[in-house]
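One structure below.
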Amino acid sequence: MTIQEYETLKEKINYHMDRYYNQDAPEISDYEYDQLMLQLKAAEKEHPEWVTKDSPTQKIGGVAKREAGVKVTHDVPMLSIEDVFSKEEVEAWVKKVKEMHPESRFSVETKIDGLSITLRYEKQNDGKMHLVLAETRGDGFIGEDVTANALVIGDVKKVLDLPYDSMQLRGEVYMSHADFEAFNEKQEKEGKKLAANPRNLAAGTLRQLDPTITKERGLKLFIFNVQAGPKELTESHSGGLSILEVAGVPVVFHKVCDTAAEVCACIDEIADLREELTYDLDGAVIKIEQTALREDFPSGSKYSSGHIAYKYPPEERVVEMDDILVDVGRTGKLTFTAVFHDPETGKPARLCGTQVSRATLHNQDYITDNQVGVGGRYKVFKSGEIIPKLNGCVTPPPIVYKAPTSCPICSATLVREEDTADIRCVNPSCPAQLTRTIAYFTSLDCMNIMGLGDTLVEALVKEGYLKNYADIYQLANYRQELIEKGIIGKEKNTDKVLANIEASKANDPVRLLTGLAIRNVGKTTAKGIMKHFESIQNLTQASIEDLTAIPDIGETTAACIVEFFALPANQEILQSLQDAGVNMKMEKEEGGSDALAGLTIVVTGTLPTLGRKEVAELIEKHGGKCTGSVSKKTDFLVAGEAAGSKLEKAKSLGIPILTEEDLLKKIQ
């Protein structure tokens, strides 16, 4: 992994940490998140010099939300638990502990999929312990005060008749399957957005500003640790939990084990329990029973000492196929979606804490290979994706599904591409493609026409105003009509959108080429192509040979471009765009040249006068391509001080090495 790939991975994980901990709206499953973290840990193990304080491996998770309450600094940090993914790792950890402390015992517990909370209790004048503060984990060191909400959770004991001055308990707030389903049923009846899974709903509910909302949603709680308190509670982990349990405090399922074999057997026992539980688990936690021994086994600044968490493999369910939905994508490609139910419950299948009833079926070959058809039964699992995957046929259907021969939208004959499994509608006026294609044309990376989004494009297509891209630039002719019908909005909003359309005519032709949605031609490819042509008109006359002479343009992409411009319908659209005044000519960049045309150059280290961005722009300005990694395709490496591994790799491949001065001479 390169340093650039490492930084990109960090950014990706930080993004998903924010989605999970702070926004309660994850975009990937726990499994996929875990896999990303494993990649990051492996990279940091190989390159410890890369690790900085902002690395996800050095952080605990969320940040305290200001809007949800007052910030609280934890007396005892609320750290995470290091994850392991195999029994071998569990056995190795137990062995390590036993080698240092043969008397060690282990508590194996359920790992509830919810939101961590610490409850602080203090003795009051009545001689009993009262709840004085409830705090979320936040970043592990600073959380938020959610006491008002904790007080309305039935499982949270407001008063405890225990003979202690103070104590702090850590637990997990969660939502049962029944309460989650009841919430979503109510949301569906009221036409409101459904919750994704119980964990997200529990987290959002605990952070509500109105405690009455928290109360009506029925959150629950399990305590899994004594954070601070008298020796009687903290000396023995399970002993402390037992005292709390006798006092009426709900505690997690826990079992004390002596050996690695017993620990693994208990992990399996908890796995078997998952089917019967009324709430979601995301693993099993193994803790050293004698708390005094835990500090001998630290796992880093973000993890609790003397703990590990075993994460179960992705869940799998058997489902029955109800239907196969066919849709037409923006490029005309047919997409297939399986619709199914859990035959045991008659409802959507529960996987990884979410209810799922659909899965992507990639193409007809995939459907045939997996014997997909209505009435068949299939294994479904989540392999780090939001949309689950089929994992084999259990009971074949009466008939294996076959794709239609005509477009389900426009009835045009469908075409299966040679040497691929893709089936397409090649009718450029197909309504399904038209709305998506025009919306793409107006999007940020293309013509960037603000205000002309998917919904408005769909309305204009339905009303007959848009039949292709070029019709966008005729909308001004229907201004009064559009205002009277209110399709775009009132006068002010209509004029605003029309002004944005007019302004887009001056865009760089790279945006226009991107917006034409030619297969395999995205923003980056379009930029590379237009460096070699003075105008879109010149590009329309290019042959496959002309195009493949451009670096990184292969025969498939070249053929797609030639075929697109050869169609009479597309030629008419381009002519209409030109007649409307849409810019099709590239501006000559001052000081630019072809001195580096066709060359792929990598820059590494610190250069004497040029920054990394400056040198990349300079290379591109003079026709070259600046990439981040050294390969056999690299023509030159520009090296500065502290060049590192890229320099060594370039030398091993025999790639010429340039200084900044050498590069400037080539340009001159």
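Along the sequence shown, residues are numbered consecutively beginning with 1. Quick note: numbers below take in every heavy atom, side chains included, and nothing from hydrogens, waters or symmetry partners.
- In this structure, a donor-acceptor pair under 3.5 Å is absent between the side chains of Gln371 and Tyr378.
- More than 12 heavy atoms of other residues, nucleotides or ligands lie within 6.0 Å of NZ in Lys158, so this atom counts as buried by the packing criterion.
- Contact of the Lys287 side chain with the Arg294 side chain is registered, since non-hydrogen atoms from C-beta on lie closer than 4.5 Å.
- With a 4.5 Å cut-off on side-chain heavy atoms, Val94 and Thr259 do not count as touching.
- Expressed to the nearest 0.5 Å, how far CG of Asp280 lies from CE of Met175 amounts to 11.5 Å.
- Under a cut-off of 6.0 angstrom, the local environment of NZ in Lys41 is crowded, with over 12 non-hydrogen atoms contributed by other residues, nucleotides or ligands.
- The local environment of NZ in Lys98 is crowded, with over 12 non-hydrogen atoms from other residues, nucleotides or ligands closer than 6.0 Å.
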Carefully, step by step, assess Phe222 and Glu109 under the rule side-chain contact (heavy atoms from CB on, under 4.5 Å).
CA-CA 11 Å; Phe222 278 122; Glu109 309 170 1; over 6 Å; no
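- Few gaps surround CD on Glu49; more than 12 heavy atoms of other groups in view lie less than 6.0 Å from it.
- For the 3.5 Å distance criterion, the side chains of His254 and Glu245 fail to qualify, holding no donor opposite an acceptor.
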Run the numbers on Ile288 and Trp93 for side-chain contact (heavy atoms from CB on, under 4.5 Å), then give the verdict.
CA-CA 11 Å; Ile288 299 175; Trp93 183 79; 3.8 Å; yes
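- Among all heavy-atom pairs drawn from Thr205 and Arg217, the shortest one is OG1-NH1, 3.0 Å.
- Neither side chain, Asp445 nor Ser443, offers a donor N or O lying under 3.5 Å from an acceptor on the other.
- Rounding to the nearest 0.5 angstrom, the gap separating the CG atom in Asp258 from the OG atom in Ser104 is 10.0 Å.
- Looking at Ile267 and Ile286, their side chains come closer than 4.5 Å, going by heavy atoms from C-beta outward.
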Would Val226 and Leu169 count as a side-chain contact (heavy atoms from CB on, under 4.5 Å) here? Give the steps.
CA-CA 5 Å; Val226 179; Leu169 310 179; 4.1 Å; yes
Working note: Glu7 + Lys10, criterion salt bridge (charged side-chain N to carboxylate O under 4.0 Å, His left out); need CA distance, chi angles, decisive distance, verdict.
CA-CA 5 Å; Glu7 292 296 337; Lys10 274 173 49 179; 3.5 Å; yes
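- Proximity of a side-chain donor or acceptor of Asn391 to a complementary backbone N or O of Lys379 within less than 3.5 Å is not detected.
- With hydrogens and angles ignored, the 3.5 Å screen pairs no side-chain donor or acceptor of Tyr121 with any backbone N or O of Tyr164.
- Put simply, the side chain of Asp145 gets close to the backbone of Thr147: a donor and an acceptor are under 3.5 Å apart.
- In this structure the side chain of Lys111 never reaches within 4.5 angstrom of the side chain of Tyr312, judged on heavy atoms.
- In terms of modelled atom types and a separation under 3.5 Å, the side chain of Glu91 and the main chain of Ala260 share no donor-acceptor contact.
- Arg170 CZ to Arg137 CZ: the interatomic distance, rounded to the nearest 0.5 Å, is 5.5 Å.
- Between Cys257 and Val108, the closest heavy-atom pair is SG-CG2, 3.9 Å.
- Within the 4.5 Å cutoff, no side-chain heavy atoms of Val252 are placed close to those of Ile223.
- Within the 4.5 Å cutoff, no side-chain heavy atoms of Phe340 are placed close to those of Val374.
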Please determine whether side-chain contact (heavy atoms from CB on, under 4.5 Å) holds for the pair Ile243 and Leu233, giving the CA-CA distance in whole Å, both sets of side-chain angles, and the decisive distance to 0.1 Å.
CA-CA 7 Å; Ile243 292 171; Leu233 283 177; 3.9 Å; yes
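- Proximity of a side-chain donor or acceptor of Gln290 to a complementary backbone N or O of Arg105 within less than 3.5 Å is detected.
- With no hydrogens or angles considered, a side-chain donor-acceptor pair links Glu289 and Ser236 at under 3.5 Å.
- A pairwise comparison of heavy atoms in Ser116 and Phe224 identifies OG-CZ, 4.3 Å as the closest pair.
- Counting heavy atoms of neighbouring residues, nucleotides and ligands inside a 6.0 Å radius, atom NZ of Lys255 does not exceed 12 of them.
- Asp179 and Lys220 are joined by a salt bridge, as a carboxylate oxygen and a charged side-chain nitrogen come within less than 4.0 angstrom of each other.
- A donor-acceptor contact shorter than 3.5 Å links the side chain of Thr291 to the backbone of Thr234.
- Atom-to-atom distance recorded for Arg199:CZ and Ile112:CD1 is 13.5 Å, nearest 0.5 angstrom.
- Remark: the backbone N or O of Ser55 is not paired with any side-chain donor or acceptor of Glu44 at under 3.5 angstrom.
- Here the side chains of Lys123 and Leu162 are not in contact, with every heavy-atom distance at 4.5 Å or above.
- Here the closest heavy-atom approach between residue Leu219 and residue Ala202 is recorded as CD2-CA, 3.8 Å.
- Counting only residues at least two apart or in different chains, salt bridge (Lys or Arg N to Asp or Glu O under 4.0 Å) contacts with residues 72-89 comprise Asp75-Arg120, Asp83-Lys311, Lys87-Asp268.
- The distance from the NE2 atom of His341 to the CG atom of Asp323 is 12.5 Å, given to the nearest 0.5 Å.
- At a threshold of 4.0 Å, the pair Lys347-Asp342 does not count as salt-bridged, since none of the basic side-chain nitrogens sits closer than that to a carboxylate oxygen.
- Residues Pro56 and Asn14 form a side-chain contact, since some pair of their non-hydrogen atoms from C-beta on lies under 4.5 Å apart.
- Here the CG atom belonging to Asp296 is positioned 5.5 Å from the CE atom belonging to Met100, to the nearest 0.5 angstrom.
- Closest non-hydrogen pair, Leu119 versus Ala134, comes out as CD2-CB, 3.7 Å.
- Taking the six-membered ring for Trp and thresholds of 30 and 60 degrees, Phe297 and His101 have ring planes more than 60 degrees apart, a perpendicular arrangement.
- Taking both residues in full, the closest heavy atoms of Ala309 and Ile81 are given as N-CG2, 3.5 Å, listed atom of the first, atom of the second, then distance.
- Classified by interplanar angle (parallel below 30°, tilted 30° to 60°, perpendicular above 60°), the ring pair Phe336/Tyr401 is perpendicular.
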